[in-house]
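For reference, the structure is listed below as structure tokens.
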Amino acid sequence: MLEGAFSLLEALAGVDEARLSDLAMRSGLPKATAHRLLSQLARLGAVEHRAGHYRMGAAVTRLGRSWRTQRLLGRAAALPLRRLAAATRAGAAVVAPCAGAMVVVAGLPGAAGAIFPHAVGTVLPPGSAAEIVVAASATAPPPPPGYSTATWTRRLSSAREHGVVVQRHESEAALFCVAAPVRAWSRVVVAAVAVTVVDSRRLDATADAVKHTARLVGGNRARMPAARQQL
């Protein structure tokens, strides 16, 4: 039951609103089961049901604000991320590992928003630039789906050497993602700052700006007493 409810919430997270049949298809649940679970979620305020459409409810937003990682990094990144987005004219985000995935915890939209949304809660695809810079701090992390061990090892070595990852999008040749690690006061990498850019002529300058922003976010986070208790 819980797994089905979360499947429906995940399906709703990717759309503004949807009909019952669409959510049943997206979640892989029988329509009757989806209807029963959505009715229960609506009574709890987790979803809203209006004119035959379902949308995310206020209770989910309220609970999401209590996510400790998002609170700390969101506060630490607020001003540096705005300055980075303005300087690079690109979508910018802070991304952190959560339950085996890389999840946006703070973000600002940019020109590539239709392809790379930077909304809080967005899960990045495996092997993203953000995942590479975070994984580079670990000891022999396994490669994600689609990567050979040799390719993954080379990506991690490059990230360690340069302190930044510049990655061309596989299907959109004009898009590049640039990411740099955010470190806690203990120097442990806890997240990544990433931008998605469409102008390859500014990649070097963008990489420098992303690294600078990652240092600012890490410094801001390190000054928070709650962050020192966490790491």
Side-chain angles (χ1 to χ4, degrees), residues 1-78 81 91-110 112-131 134-135 141-147 169-172 177 190-192 194 196 226 230:
M1 176 172 145
L2 280 175
E3 185 177 351
F6 272 93
S7 295
L8 288 167
L9 291 174
E10 286 284 356
L12 267 178
V15 294
D16 289 333
E17 60 181 23
R19 292 185 178 276
L20 170 62
S21 56
D22 294 330
L23 291 173
M25 181 180 66
R26 285 171 175 267
S27 63
L29 295 172
K31 191 172 180 179
T33 302
H35 181 265
R36 175 172 55 82
L37 291 174
L38 285 167
S39 297
Q40 294 174 359
L41 290 168
R43 287 197 294 272
L44 295 171
V47 303
E48 296 177 356
H49 184 209
R50 296 180 184 174
H53 288 79
Y54 293 88
R55 67 189 69 179
M56 201 69 79
V60 173
T61 301
R62 186 173 65 251
L63 292 171
R65 289 191 184 125
S66 67
W67 182 21
R68 184 183 181 88
T69 299
Q70 195 277 333
R71 284 206 321 271
L72 292 174
L73 286 169
R75 286 166 52 198
L81 213 59
V94 173
V95 187
C98 178
M102 296 299 294
V103 181
V104 174
V105 297
L108 295 171
I115 299 170
F116 276 114
H118 294 86
V120 173
T122 299
V123 177
L124 299 190
S128 66
E131 181 175 2
V134 172
Y147 278 82
H169 189 266
E170 291 183 359
S171 59
E172 299 289 338
C177 186
V190 294
T196 306
Q230 188 175 36

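Note: hydrogens, waters and symmetry copies are ignored here, and every other heavy atom, side chains too, is used.
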Value rounded to 0.5 Å, distance of CE in M25 from CZ in R19: 13.5 Å
Listed partners of A191 passing side chain to side chain contact (heavy atoms under 4.5 Å, CB included), at least two apart: L73, V94, A96, V182
Ring pair (Phe, Tyr, Trp, His ring centres under 6.0 Å) partners of H53, counting only residues at least two apart: none
Distance, nearest 0.5 Å, that separates CE of M102 from OG1 of T122: 13.0 Å
All salt bridge (charged side-chain N to carboxylate O under 4.0 Å, His left out) counterparts of R55, not counting sequence neighbours: E17
Test log, rule side-chain contact (heavy atoms from CB on, under 4.5 Å), inputs V95 and V103: CA-CA 5 Å; V95 187; V103 181; 5.6 Å; no
Listed partners of H35 passing side chain to side chain contact (heavy atoms under 4.5 Å, CB included), at least two apart: L20, S39, Y54
Residues which pass side chain to side chain contact (heavy atoms under 4.5 Å, CB included) with P143, listed by chain and number, not counting sequence neighbours: Y147, T149, W152
Closest approach of A34 to A24 (non-hydrogen atoms, all atoms of both residues): CB-CB, 4.0 Å
Full working for side-chain contact (heavy atoms from CB on, under 4.5 Å) between V134 and E131: CA-CA 5 Å; V134 172; E131 181 175 2; 5.9 Å; no
Minimum heavy-atom distance between V190 and P97, given as atom pair plus value: O-CD, 3.4 Å
By salt bridge (charged side-chain N to carboxylate O under 4.0 Å, His left out) - contacts of R50 (at least two apart): E48
Short side-chain to backbone donor-acceptor contact, S27 and L23, under 3.5 Å: yes
Atom pair CG/CG of L8 and L37 - distance to nearest 0.5 Å: 6.0 Å
S128 to L124 - nearest heavy-atom pair and separation: OG-CD1, 3.8 Å
